[in-house]
Amino acid sequence: MHEHHAHAPAPIGLTADGKPIYPYTPPIPAPPACQHAHAPAPAGRPAPEVVKWVTIGAATSIFLLTVAVAAVAVAIGAVAVTVCVLVLRSLWQQMQEQAERD
């Protein structure tokens with residue numbers, strides 16, 4: 001990979017002991033700080049983003065629990081109807097057999 005580095009300026013001379021002398025480049029000034037006053041964050045209150053995501057998580061959990069309970073209720077109802085149909089079928093067969101005997 002090729003790395004990009006800022007190129008050092010060319011030396012403009014050498015010192016008595018042979019070290020290069022580079023031209024002076026002034027440092028880039030930092031951007032000025034904003035001049036308006038910031039209100040301090042109220043202590044003890046969570047950020048609105050946190051409240052939003054906790055609310056979404058809680059609502060989703062409650063919804064999914066409701067769906068799960070409804071699915072269990074439907075399953076119990078299906079088993080009850082199946083047992084009822086089987087019992088009634090068995091009674092019907094017994095009644096038909098008894099009618100044939102009489």
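Values below: all heavy atoms of this structure, side chains included; hydrogens, waters and symmetry mates excluded.
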Next on the checklist: Quick one, Ile21 with Thr15, criterion side-chain contact (heavy atoms from CB on, under 4.5 Å). Give me CA distance, side-chain angles, the key distance, then yes/no.
Outcome noted: CA-CA 7 Å; Ile21 300 172; Thr15 61; 3.6 Å; yes
Checklist entry - Can you name the residues that form a salt bridge (Lys or Arg N to Asp or Glu O under 4.0 Å) with Glu49, not counting sequence neighbours? => result Lys52
Checklist entry - Near Phe63 CZ, under 6.0 Å, is it more than 12 heavy atoms from other residues, nucleotides or ligands? => result no
Checklist entry - Atom CD of Gln96 and atom CD of Gln98: how far apart are they, to the nearest 0.5 Å? => result 10.5 Å
Next on the checklist: Looking at Gly57, is its backbone amide N or carbonyl O close enough to the side chain of Ser61 to form a donor-acceptor pair, meaning the two atoms are under 3.5 Å apart?
Outcome noted: yes
Next on the checklist: Could you report the tightest heavy-atom contact between Tyr24 and Pro27, atom names first, then the distance?
Outcome noted: OH-CD, 3.6 Å
Next on the checklist: So, applying side chain to side chain contact (heavy atoms under 4.5 Å, CB included) with Cys84, which one of Thr82, Leu88, Val87 is it?
Outcome noted: Leu88
Item to check | Within one Ile-Leu-Val-Met-Phe-Trp-Tyr cluster: Val83 and Trp92, side-chain cutoff 4.5 Å | outcome: no
Checklist entry - Minimum heavy-atom separation for Leu14 to Pro20, with atom names? => result CD2-CA, 3.7 Å
Next on the checklist: Rounded to the nearest 0.5 Å, what separates atom CG in Leu65 from atom OG1 in Thr60?
Outcome noted: 11.0 Å
